[in-house]
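I have placed the structure first, in the form of structure tokens, so that the comments after it can refer back to it.
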Amino acid sequence: MLQTVDAGALPRLRMYVGGEWVEPASGTWLETVDPFTAKPWALIPRGNAEDADRAVRAAHAAFRTGPWGKMHPSKRARILFRLADLIEENADALAEIEVRDNGRLLAEMRHQIRYVPNWFRYYAGLADKIEGTVHPCDKPALSFSRPEPLGVCVAIVPWNAPLLLLTLKAAPALAAGNTLVIKPAEYTSATALKLMELVEQAGFPPGVVNVVTGLGPEVGEPLVTHPLTRHLGFTGSTRTGAHLYALAAKDVKRVSLELGGKSPNIVFADADLDNAVRGVVGGIFGATGQTCIAGSRLLVHAKIHDAFLDRLIAFTKTARIGDPRNLETKIGPIANSMQYEKVLGYIDIARQEGAELALGGRRPEAAECGEGFFIEPTIFTGVRNAMRIAQEEVFGPVLSALTFEDEDEAVAIANDSEFGLAAGVWTSDMKVALRMSEKLEAGSVWINTYRDISYTTPFGGYKKSGIGRENGIEGIREYLQTKAVWISTAAEIPNPFVIG
Ligand code: NAD
């Protein structure tokens with residue numbers, strides 16, 4: 001059961017601060033809407049600066065004076081392992097909530113949430129293996145370094161994969177010994193709150209993990225600017241990320257930013273075309289195109305353009321669109337009404353720019369789609385890379401197809417973007433694949449696959465797609481700082497007026 005405070009028509013959720021379930025200081029709530037029915041199903045607390053302050057102070061107290069700060073990393077790891085087990089046991093319930101909030105396919109969310117415990121286990125395993133270094137110091141001294149946690153970390157996440165994206169931050173931050181305040185997206189706060197029930201059961205001391213909910217400027221920004229916050233881990237749009245980066249810079253806070261993308265999926269003439277079609281479709285129509293890594297630009301070799309587009313369109317037409325809870329559905333609704341309007345707006349822009357609509361572009365007619373925020377999978381051909389539809393992130397099921405004549409041109413088009421999150425390459429020539437992987441400006445390059453991520457493998461963006469890396473050993477370094485300790489071995493302090 002989600003935490004509620006009354007038995008009215010809609011459940012009213014509460015925030016989790018300092019180990020307690022609390023109501024918002026404002027005394028007001030926001031509706032959270034099921035995008036399949038377009039109807040609200042719960043109310044989430046509308047947090048403000050007072051709630052943010054309470055949460056950051058609770059996290060700071062837990063770090064400074066609570067048992068967490070003194071706890072041996074092996075013991076912290078045991079709590080993280082317990083949390084992983086609890087998420088596994090509750091994965092299907094968490095998936096149901098996530099689907100209700102953001103309309104992602106139940107089949108996909110079950111799979112995704114069953115995969116989430118891997119992050120907690122991976123970083124729990126690392127917690128007691130974070131070692132310092134003894135330096136070969138050239139002075140009469142023993143010098144060594146200690147990796148230490150930063151203190152209060154703030155995690156601000158979007159609505160497209162709420163639990164997964166907060167896990168990418170929470171697991172390394174906690175394993176490293178920090179404390180945490182999470183601010184989920186206003187459209188999808190329910191799973192983060194449900195997770196706090198499991199955090200409580202796992203045995204985290206009060207204040208180590210906190211969740212405040214509400215609107216970004218009202219409750220998110222005060223978390224970032226709070227004087228006791230030491231780190232911001234943000235996933236969301238490049239626009240908001242850049243704004244928060246500037247705010248964090250004022251107080252010299254550390255940041256990691258996972259931002260937008262306009263990723264190219266590049267198909268060479270010698271590719272296994274069946275696999276390439278599946279990869280291109282999964283890359284742009286999986287999650288209804290609402291992923292940062294969406295392969296939203298198809299770069300296809302001119303020689304196979306028409307034949308490939310025919311196959312792509314035929315395969316896309318087989319995808320069932322409708323109720324995300326039906327396990328046969330392949331394409332669900334857009335997650336919220338604002339995003340729905342934005343995607344339709346980009347379809348108009350593409351038409352005005354002279355791109356040719358080869359598929360979709362409208363609301364589907366199936367009765368099942370009802371009032372939900374549905375848009376047909378949409379493909380534009382004849383796109384030039386300078387068009388807005390090829391440069392701006394749509395974050396929806398809209399693919400722009402472009403052509404190239406050779407490897408150099410493919411690289412030039414792919415890299416002609418302010419983003420650099422990911423890229424896909426489809427070819428059976430491994431020399432081409434390796435050359436492309438070197439030349440593409442992207443944090444992830446997939447060869448003959450697309451949209452793969454793992455807790456073991458660093459993920460992050462080049463250019464305006466972000467700063468820092470999540471996952472793998474690199475992921476925990478974001479949440480540590482190095483302290484150098486010097487112990488003199490000199491019998492007598494040398495000349496105190498000369499340093500060096
Ligand atoms: P968004 O930037 O509007 O919001 C993200 C989060 O920031 C939300 O929790 C929101 O409430 C909060 N926020 C908004 N304004 C804020 C402010 N002034 N102060 C503090 N917090 C604020 O993004 P969105 O529309 O929710 O998410 C979609 C974006 O996320 C896309 O651009 C997508 O590419 C990106 N994304 C990136 C990754 C990645 O790993 N690179 C993953 C998923 C999504």
Side-chain angles (χ1 to χ4, degrees), residues 16-21 55-91 94 113 115-134 144-155 163-164 166-182 192-211 228-231 233 254 256 455-456 470-483 485:
Y16 188 70
V17 175
E20 288 176 6
W21 294 97
V56 174
R57 284 184 191 288
H60 186 251
F63 183 73
R64 276 279 173 86
T65 54
W68 188 251
K70 298 184 253 336
M71 198 178 279
H72 190 270
S74 309
K75 203 166 164 210
R76 281 204 305 262
R78 290 179 62 172
I79 301 178
L80 285 162
F81 279 123
R82 271 206 294 278
L83 180 60
D85 291 344
L86 287 163
I87 295 171
E88 200 160 76
E89 285 161 27
N90 289 274
L94 287 162
I113 292 175
Y115 194 58
V116 158
N118 286 307
W119 269 269
F120 287 102
R121 294 191 179 119
Y122 177 86
Y123 286 108
L126 266 183
D128 56 6
K129 293 162 199 74
I130 302 167
E131 295 176 343
T133 313
V134 176
F144 63 92
S145 50
R146 287 167 49 84
E148 294 186 346
L150 305 166
V152 178
C153 297
V154 164
L163 198 64
L164 176 73
L166 80 81
T167 296
L168 265 52
K169 301 174 191 338
L174 295 169
N178 300 283
T179 56
L180 192 61
V181 183
I182 298 164
L193 294 170
K194 176 75 185 169
L195 182 71
M196 291 307 102
E197 294 177 13
L198 309 182
V199 157
E200 237 176 4
Q201 286 174 43
F204 284 90
V208 172
V209 194
N210 309 272
V211 174
L228 295 175
T229 296
R230 292 310 325 148
H231 181 277
R254 297 247 309 248
S256 49
Y455 49 94
T456 61
E470 295 189 315
N471 308 339
I473 294 177
E474 251 187 280
I476 204 164
R477 295 203 184 108
E478 298 285 336
Y479 294 96
L480 292 164
Q481 55 193 338
T482 302
K483 178 181 283 168
V485 181

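No experiment lies behind these values; they were computed from the predicted model shown.
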Pro172 side chain near Arg477 side chain, heavy-atom distance below 4.5 Å: no

Closest approach of Leu480 to Ala176 (non-hydrogen atoms, all atoms of both residues): CD2-CB, 3.7 Å

Residues Arg121 and Glu88 bridged, charged N to O under 4.0 Å: yes

Considering all heavy atoms, the nearest Ala59-Val181 contact: CB-CG2, 4.0 Å

Ile130, CD1 atom: more than 12 neighbouring heavy atoms under 6.0 Å: yes

Side-chain touch Val209/Met196, heavy atoms, less than 4.5 angstrom: yes

Worked verdict on Leu150 versus Arg254 for side-chain contact (heavy atoms from CB on, under 4.5 Å): CA-CA 9 Å; Leu150 305 166; Arg254 297 247 309 248; 3.6 Å; yes

Minimum heavy-atom distance between Val199 and Leu83, given as atom pair plus value: N-CD1, 3.9 Å

Under-4.0 Å salt bridge between Glu197 and Lys194: yes

Ser256 OG to His231 NE2 distance, which is reported to the nearest 0.5 Å: 3.5 Å

Pairwise side-chain contact, Ile87 with Thr167, heavy-atom cut-off 4.5 Å (strictly under): no

Straight-line distance of Asn210 CG to Phe204 CZ, nearest 0.5 Å: 11.5 Å

Side chain proximity check, Pro205 to Met71, heavy atoms < 4.5 angstrom: yes

Ile476 side, atom CD1; Glu470 side, atom CD - distance, nearest 0.5 Å: 12.5 Å

Expected output: side-chain Asn178 to main-chain Pro149 donor-acceptor under 3.5 Å: no

side-chain contact (heavy atoms from CB on, under 4.5 Å) between Arg57 and Leu228, intermediate numbers included: CA-CA 7 Å; Arg57 284 184 191 288; Leu228 295 175; 4.0 Å; yes

Atom pair NZ/CZ of Lys483 and Phe144 - distance to nearest 0.5 Å: 9.5 Å

Where Ala192 and Leu166 come nearest, the two heavy atoms and their spacing: CB-CD2, 3.7 Å

His60 side chain reached by Val152 side chain, heavy atoms, under 4.5 Å: yes

Interatomic spacing from SG in Cys153 to CG in Leu180 - rounded to 0.5 Å: 6.5 Å

Check: Leu198 and Leu94 side chains under 4.5 Å, non-hydrogen atoms: yes

Crowding at NZ, Lys75 (>12 non-hydrogen neighbours, <6.0 Å): no

Arg78 atom CZ, neighbour heavy-atom count above 12 within 6.0 Å: no

Tyr122 side chain to Ile473 backbone, donor-acceptor under 3.5 Å: yes

Aromatic contact, Trp68 with Phe63 (centres under 6.0 Å): no

Side chain Asn118, main chain Tyr115, donor-acceptor under 3.5 Å: yes

Shortest non-hydrogen separation from Ala175 to Ala124 and the atoms involved: CB-N, 4.5 Å

Distance in Å, Trp119 CH2 paired with Thr456 OG1, rounded so as to fall on 0.5 Å steps: 9.0 Å

Val17 to Ala58 - nearest heavy-atom pair and separation: CG1-CB, 4.3 Å

Test item: Phe120 and Phe81 side chains (from C-beta on) under 4.5 Å apart, heavy atoms: no

Within 6.0 angstrom of Glu20 CD, more than 12 heavy atoms from elsewhere: no

Validation row: Leu174, Tyr123 side chains within 4.5 angstrom (heavy atoms): no

